[in-house]
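In what follows, chains are A, B, ... by sequence order, proteins preceding strands, each numbered from 1. As a basis for the values below, the full set of heavy atoms in this structure was taken, side chains included, without hydrogen atoms, waters or symmetry mates. Please read all numbers here as calculations on a predicted model, not as lab measurements.
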Number of protein chains: 2
Amino acid sequence: MATRPKPIATPRLPLTRDRVLLSALELADRDGIESLSMRKLGRRLGVEAMSLYNHVADKDDLLDGLADIAVGEIEVPSIGEDWRAALRRRAISAREMLARHPWAAGLMESRTNPSPARSRYPEAVLGSLRQAGFSVEMAIHAFFTLDSYIYGFAVQERNLPSGTPEQLASVAQDILRALPPAEYPYLNEVIVGHVLKLGFDYADEFEFGLDLILDGLGEIRAGA
Amino acid sequence: MATRPKPIATPRLPLTRDRVLLSALELADRDGIESLSMRKLGRRLGVEAMSLYNHVADKDDLLDGLADIAVGEIEVPSIGEDWRAALRRRAISAREMLARHPWAAGLMESRTNPSPARSRYPEAVLGSLRQAGFSVEMAIHAFFTLDSYIYGFAVQERNLPSGTPEQLASVAQDILRALPPAEYPYLNEVIVGHVLKLGFDYADEFEFGLDLILDGLGEIRAGA
DNA sequence: ACCTGAACACCGTTCAAGT
DNA sequence: ACCTGAACACCGTTCAAGT
């Protein structure tokens with residue numbers, strides 16, 4: 001009787017940069033990055049959009065923060081690991097991250113200003129290569145080849161249908177309808193003769209090109 | 001004296017879908033895709049934004065049209081060409097297109113509905129591979145590997161600095177300032193020891209990874 | 001120190017009205 | 001058939017005002 005009860009059962013958590021970023025990440029994962037607006041994010045946090053500006057400089061800063069969280073999820077190989085194993089594991093981890101957060105590939109594109117979190121990744125890849133005996137020039141070549149592949153694959157994966165074999169089959173049927181076999185025989189062959197029959201696993205598909213590239217780099221290293 | 005002179009020297013051209021698309025393309029090339037709005041495009045064409053809807057279903061349709069123009073600029077190799085030469089030439093032409101239109105890579109991502117213009121490209125690549133004797137499965141692998149690389153490289157190129165050696169050097173200096181050598185020795189080595197000294201040519205860099213991948217595919221074909 | 005209301009300059013798009 | 005004005009539901013962001 002002496003003290004008035006708190007007006008609401010769950011007292012509002014104080015806003016912090018981390019809470020803002022985490023909530024933005026969940027929103028982006030669930031509804032897509034294009035529907036992440038300062039106003040919606042504010043509503044989600046029970047606050048007016050303008051309050052967010054106390055914890056984040058502007059929307060660009062928010063997106064920078066998301067990009068840093070994303071690259072931070074890429075596995076860091078233990079030191080002393082074989083160069084091939086280290087690069088392979090990092091590549092697979094990067095693809096998994098980009099598949100988990102479909103918005104991340106797009107953010108990597110637009111966040112061009114360097115940040116510590118985003119600089120650590122290329123630094124580590126170049127380090128693995130140099131320590132393995134690649135020349136500076138070859139390390140640059142290898143980095144571009146690997147990174148282009150990883151990134152490009154992730155974007156293709158994001159834009160192609162996925163899901164259970166049944167869902168995949170149903171989407172494939174829709175696509176086939178726009179591709180008359182007489183005009184597109186090879187696309188039909190691939191979809192009808194392979195994807196619909198045997199399914200499609202992005203992780204497996206990714207490893208084919210990854211190993212092809214790593215094999216090629218191995219030969220260059222052996223020849224050097 | 002009999003007829004009144006036309007009020008303006010250059011009578012307004014009638015709006016057509018092609019004029020709308022061409023103007024949008026120029027705007028995107030010059031100011032970037034993010035500043036391409038229906039309202040600005042209308043202003044550019046001397047018309048209210050709403051008039052554009054007589055020639056284009058909506059903004060999505062406009063972007064679809066731009067994506068179709070972009071893929072249409074990728075060179076189609078002459079028939080009967082060696083598979084390796086055909087794939088190589090197409091890949092180089094695709095990279096050139098994506099470098100010419102920095103907005104195109106992003107559009108390829110978002111335009112997921114198939115269109116004839118955009119289906120012709122994968123159809124042709126798969127055709128080259130199948131005719132060269134690759135199995136359906138290997139043709140899929142090869143397509144993903146090549147296309148991921150091309151696309152990923154183009155995006156990296158778009159986001160990294162370019163220009164004359166002097167411009168490149170000045171941007172590199174700015175980047176270096178954010179990368180203390182003690183923490184990022186390998187990035188420093190690459191930038192100071194190689195890029196600043198020898199410059200950097202994206203077309204050359206692209207061909208390294210491209211040839212590595214084509215060599216790998218050639219071995220698979222020989223072994224099959 | 002943090003949050004808010006009102007306001008500004010933008011978006012894409014619909015719809016009834018004009019020619 | 002094509003173009004327009006007014007309107008709607010959205011944006012990001014600033015700024016003075018509240019607590």
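- When distances run from any side-chain atom of A:Lys40 to the nucleotides D:dG12, D:dC11, C:dC3, the shortest one goes to D:dC11.
- Note: B:Phe143 and A:Tyr186 fail the aromatic proximity criterion, with ring centroids not under 6.0 Å apart.
- Atom CE of B:Met38 and atom C1' of C:dC11 are 11 Å apart (whole Å).
- Put simply, CD on B:Glu48 is 15 Å from C1' on C:dC11, counting in whole angstrom units.
- Here B:Ser51 does not reach the OP1 or OP2 of D:dC2: none of its side-chain N or O atoms lies under 4.0 Å away.
- Between A:Tyr53 and the phosphate of D:dT13, there is a side-chain N or O to OP1/OP2 separation shorter than 4.0 Å.
- What separates CG of B:Asp58 from C1' of C:dG12 is a distance of 9 Å, to the nearest Å.
- A:Met50 places its CE atom 12 Å from the P atom of D:dT14, with the value rounded to the nearest Å.
- Nucleotide C:dC11 holds its P atom 11 Å from the CG atom of B:Leu27, rounded to whole Å.
- In this structure, B:Leu15 atom CG and C:dT19 atom P are separated by 20 Å, rounded to whole Å.
- A centroid separation of less than 6.0 Å is found between the aromatic rings of A:Tyr149 and A:Phe206.
- Under a 4.0 Å N-O distance rule, the pair B:Arg88/B:Glu207 qualifies as a salt bridge.
- D:dT13 is paired with C:dA7 under the criterion used here, namely a Watson-Crick or G-U wobble arrangement in which both key atom distances are under 3.5 Å.
- Pair check for C:dA1 finds D:dT19; Watson-Crick or G-U wobble, both atom distances under 3.5 Å.
- The side chain of A:Arg39 lies closest to D:dT13, out of D:dT4, D:dT13, D:dC3.
- Spacing between atom CG of B:Asp31 and atom P of C:dC10 amounts to 14 Å, rounded to whole angstrom units.
- With sequence neighbours left out, the ring-ring contact (aromatic ring centres under 6.0 Å, His included) criterion links A:Tyr121 to no other residue.
- With hydrogens and angles left out, the side-chain atoms of B:Arg118 and B:Ser115 include a donor and acceptor closer than 3.5 Å.
- Between the CG atom of B:Leu52 and the P atom of C:dT13 there is a distance of 11 Å, rounded to whole Å.
- For B:Ser37, the listed nucleotide lying nearest its side chain is C:dC11; candidates were D:dT4, D:dC11, C:dC11.
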